[in-house]
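Everything quoted here is computed from the prediction, not taken from an experiment.
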Amino acid sequence: MIQYKVFYNAESGQMEWLAYTVTFRRTEGSPDFQFIRYNNWQTVNGLVVPKSVDWYNYKDNLPTEKRNTVEFTEVVISENAPDKTIFSKPEGAKVIEVIN
């Protein structure tokens with residue numbers, strides 16, 4: 001089960017934080033949320049997207065100190081769908097089923 005909480009700026013309506021949990025093969029959620037902060041918004045082909053995101057450590061379901069930052073560079077947004085072959089399984093690759 002995956003759970004999301006979106007926190008947004010009340011004045012601008014823009015998303016600022018995403019809290020999420022991931023539990024595999026369970027129907028009940030987790031009380032422990034992890035946090036990502038979305039920063040430095042930019043407009044690309046008419047869509048507003050972040051230039052960077054920060055992952056945070058957390059305690060008591062609140063973000064504490066920043067763990068790391070991912071910068072998005074050379075962002076391209078196209079009206080055309082990508083070629084389906086980029087999602088194909090590479091030749092020689094094997095699919096393995098994981099059973100818990």
Side-chain angles (χ1 to χ4, degrees):
M1 169 181 267
I2 301 173
Q3 298 172 288
Y4 296 102
K5 291 182 181 181
V6 175
F7 298 89
Y8 64 93
N9 182 300
E11 292 178 17
S12 69
Q14 192 167 44
M15 180 174 138
E16 290 189 356
W17 291 88
L18 175 69
Y20 69 95
T21 67
V22 178
T23 56
F24 294 101
R25 300 188 191 268
R26 293 192 333 209
T27 56
E28 72 277 356
S30 170
D32 298 319
F33 282 83
Q34 299 185 44
F35 292 85
I36 302 172
R37 183 178 175 111
Y38 291 72
N39 302 302
N40 308 317
W41 294 84
Q42 62 186 327
T43 302
V44 179
N45 283 6
L47 294 176
V48 180
V49 294
K51 287 184 179 180
S52 65
V53 293
D54 298 327
W55 268 264
Y56 277 75
N57 292 323
Y58 63 94
K59 184 176 180 179
D60 299 325
N61 274 332
L62 294 172
T64 56
E65 68 275 349
K66 183 168 54 170
R67 216 173 54 204
N68 66 310
T69 299
V70 174
E71 300 279 338
F72 301 111
T73 59
E74 301 180 32
V75 176
V76 176
I77 297 175
S78 174
E79 293 181 13
N80 302 319
D83 186 325
K84 292 188 293 186
T85 60
I86 68 170
F87 301 106
S88 298
K89 180 178 72 169
E91 189 173 326
K94 295 179 182 179
V95 176
I96 299 172
E97 183 178 344
V98 177
I99 300 173
N100 290 339

- Message: If hydrophobic clusters are built from ILVMFWY residues whose side chains come within less than 4.5 Å, do Y4 and Y56 share one?
- Response: no

- Task: Over all heavy atoms of both residues, which pair between T21 and D32 is shortest? Give the atoms and the distance, please.
- Result: CG2-O, 2.8 Å

- Query: Are I36 and V48 in one and the same hydrophobic cluster, where Ile, Leu, Val, Met, Phe, Trp and Tyr link if side-chain heavy atoms are under 4.5 Å apart?
  - Reply: yes

- Atom pair NZ/CD of K51 and E71 - distance to nearest 0.5 Å: 9.5 Å

- Task: Kindly give the heavy-atom pair with the smallest separation between Y58 and T64, and that separation in Å.
- Result: N-OG1, 3.6 Å

- Task: Determine the minimum heavy-atom distance between I86 and P82, stating which atoms define it.
- Result: CD1-CB, 3.7 Å

- Query: With a 3.5 Å cut-off and no angle check, do the side chains of N9 and Q14 form a donor-acceptor pair?
  - Reply: no

- Task: If the plane angle is over 60° it's perpendicular, under 30° parallel, otherwise tilted; pick one for F35 and W17.
- Result: perpendicular

- Item | Nearest-0.5 Å distance that lies between atom CD in Q42 and atom CG in L47 | 11.0 Å

- Note on the structure: Between W41 and M15, the two heavy atoms sitting closest are CZ2-O, 3.2 Å

- Query: If Ile, Leu, Val, Met, Phe, Trp and Tyr residues are connected whenever their side-chain heavy atoms lie under 4.5 Å apart, and connections chain through other members, are I77 and Y38 in the same group?
  - Reply: yes

- Scanning both residues in full, the closest heavy-atom pair of N40 with S52 reads ND2-OG, 3.2 Å

- Message: Tell me whether V53 shares a hydrophobic cluster with Y8, the cluster being built from Ile, Leu, Val, Met, Phe, Trp, Tyr side chains joined at under 4.5 Å.
- Response: no

- Closest heavy-atom pair and its distance - L18, V6: CD1-CG2, 4.0 Å

- Task: Output, in order, the C-alpha distance, side-chain angles, deciding distance and verdict of side-chain contact (heavy atoms from CB on, under 4.5 Å) for F33 and Q3.
- Result: CA-CA 9 Å; F33 282 83; Q3 298 172 288; 4.1 Å; yes

- With no hydrogens and no angle check, is any side-chain donor or acceptor of D54 less than 3.5 Å from a backbone partner on K66? no

- Message: Would you compute the distance between atom CG of N57 and atom CG of L62 and round it to the nearest 0.5 angstrom?
- Response: 13.0 Å

